[in-house]
> 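Here you go, one structure.
For clarity, every value in this text was computed on a predicted model and none was experimentally measured. Sequence lines set the chain letters: A, B, ... in the order given, protein chains first and strands last, and positions in each chain run from 1. Note that these values count all heavy atoms, side chains included, but never hydrogens, waters or copies made by symmetry.
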Protein chains: 2
Amino acid sequence: MLELRLVQGGLLKKVLEAIKDLVNDANFDCSPAGFSLQAMDSSHVALVALLLRSEGFEHYRCDRNLSMGMNLNNMAKMLKCAGNDDIVTIKADDGADSVTFMFESPTQDKISDFEMKLMDIDSEHLGIPEAEFQAIVRMPSAEFARICKDLSTIGDTVVISVTKEGVKFSTRGDIGTASIVCRQNTTVDKPEEATVIEMEEPVTLTFALRYMNSFTKATPLASQVTISLSSDLPGVVEYKVAEMGYIRFYLAPKLEEDEIETQVEARPQVDIRPKAETKRKVEAKPKVETKPKLEIKSEEEREPQVESMVVETKVEADLMDDE
Amino acid sequence: MLELRLVQGGLLKKVLEAIKDLVNDANFDCSPAGFSLQAMDSSHVALVALLLRSEGFEHYRCDRNLSMGMNLNNMAKMLKCAGNDDIVTIKADDGADSVTFMFESPTQDKISDFEMKLMDIDSEHLGIPEAEFQAIVRMPSAEFARICKDLSTIGDTVVISVTKEGVKFSTRGDIGTASIVCRQNTTVDKPEEATVIEMEEPVTLTFALRYMNSFTKATPLASQVTISLSSDLPGVVEYKVAEMGYIRFYLAPKLEEDEIETQVEARPQVDIRPKAETKRKVEAKPKVETKPKLEIKSEEEREPQVESMVVETKVEADLMDDE
DNA sequence: CTGGGGCGGT
DNA sequence: ACCGCCCCAG
């Protein structure tokens, strides 16, 4: 039996708006620690990881771990029927093939029940190793969204370059070039306007703007966004979900044209894809891949001490390093 | 070397939004007097003249006259990336084949650089004679925009009729007719709400609404619009650009059906088109043209005293009678 | 002036 | 689904 009561129903609406364009179907995993989701986008280039901690719910009952496969578009459709400050309750019986969303208007005058069929989705739970990043940029989420949108009117990719002084976003396209520099700035009136750069060493990476623009759908969730970069890891774009957890988007960097020949094979291969998937791709395309793929190991491929981090304890592991 | 620094970057954004639908490519002319543009729309029916006086810029450096051919859509795309109260700097080296737009956020935390390729556009600088108009209407720009939009749902052309009492806009279409009269009104709370008519003699002219509606894209620039009419001249729709200059749109009146036969040849031919262009059209279509064409002489065709008004001094001449 | 919400078009 | 548009509120 599962029963999760969330006072700020609007949060869940925004969460679904943020991920439904990237991922069609995904399993929501419920454990005593929280409500979470991990899924790759349909082209296997980006990965979304959502966590809503149990403490963030007004009421959280989860008798045993449950994985519920949902069509995110359909779920979003139902959640759209909730008011922004309705109280949302998610209910499912163990082993049931459906989930119920209940919306209570703030005045309790209106109670809505939506029932949605669950789907059987086979996706392995991917272990995402915690990594040290060479640079972490925190900046206003709206500003980041604006930059990605603006740059995508000029080019298809963004080069993000972090130095101590600031972060530079640049692109190039048929009509010209663009370069936007945001300086570190911690002396602002409101903390949500700050731009903070934590940097161990300068990093320059290239990403597809198409995905970045998808990620910025999460902008309404948080006033700040965190961009974490290392030269040999997928970039991470993270939005906090108020008091509850986060949505993280992982995106493999594109190789610069002149890097492709020399570096693609030398890179540490940390592959996030499930084994079968990885094999198939490799067999199908034995050549150098210029299309970026996320490189994080799947659970089975990881080191023994990680291997032991089974699904039941995994969410807690994630919790530890949040915030 | 050219370097123009404009504190109200939003103005330039609005200027481009106002003209980019009418003109695809045009030369911006920089002289010590200011930053200006003259261009005909692609169907050679309307003409846009923009002037931004050098005094309106915070910093204006223009070592020598420069004509920069730009694709206005691409320029508008780049300017859209500026915030409305960013400071905009336009930079170009003499003889360079590109121009740079720099945007500084009000807080200076964000600096954007956009570089755009210039194009080679051969357009003659058209001399637009200053004329006396039989009637000049000044009215709220939003009201004029609304009228043009409303009338274009009924018909394709607007008949503008000015008398001492007011100005009448009327149209006729398949579904019926419409007529909107605005009375002169100078006793208003705010000066921007006034409707003022300066009239020497009554005028009635017909214009294509399609162009009028294009012109009203400039509405955000100014709270008032000036419509200047004479029976034998193109109509002029003018929007002031705050403290800096103006955008003027010239549009040839349509001949009323019953006027075409009797008047078209009798009209004073003041043709704005470059000579070659004029010739070609005439050769191609020796018949009576029912499509209106702007009738202002090009530089070479004009009278001696106008002839001497060469490009260098021309902007200043425009300045004289502005305001 | 910006942000948000709603709308209508493409 | 996206974007531009319009209105309102803060």
> In whole Å, what is the span from the CG atom of B:D85 to the P atom of C:dG3?
11 Å
> In this structure, how many angstroms lie between the P atom of D:dA1 and the CG atom of A:L16, rounded?
13 Å
> May I have the distance from B:L11 (atom CG) to C:dC1 (atom C1'), rounded to whole angstrom?
15 Å
> Please report, rounded to the nearest Å, how far the C1' atom of C:dG3 is from the CG atom of A:L221.
16 Å
> Can you tell whether the side chains of B:E3 and B:R5 come within less than 4.0 Å, N to carboxylate O?
no
> Measure CD/A:E17 against C1'/C:dG6 and give the value in whole Å, please.
15 Å
> Do A:T226 and A:V137 make a side-chain contact, defined as non-hydrogen atoms from C-beta onward lying under 4.5 Å apart?
no
> Looking across every strand, which nucleic acid part, if any, lies under 4.0 Å from A:K149 by heavy atom: base, sugar-phosphate, or nothing?
nothing
> Expressed as a whole number of angstroms, how long is the span from B:D21:CG to D:dC5:C1'?
14 Å
> With the side chain of B:K80 defined as its heavy atoms from C-beta on, choose the nearest nucleotide among C:dT2, D:dG4, C:dG5.
D:dG4
> Relative to each other, are the rings of B:F57 and B:F35 parallel, tilted or perpendicular (30° and 60° limits)?
perpendicular
> What is the separation between atom NZ on A:K14 and atom P on C:dG5, rounded to the nearest whole Å?
8 Å
> Can you tell me which nucleotide in D:dC2, C:dG5, C:dT2 comes closest to the side chain of A:N84?
C:dG5
> Output the single nucleotide from D:dC2, D:dA1, C:dT2 whose closest atom is nearest the side chain of A:K20.
D:dA1
> Rounded to the Å, how far apart are A:E192 CD and C:dT2 P?
16 Å
> Taking the basic N atoms (NZ, or NE/NH1/NH2) and the acidic carboxylate oxygens, is any pair closer than 4.0 Å for A:E143 and A:R146?
no
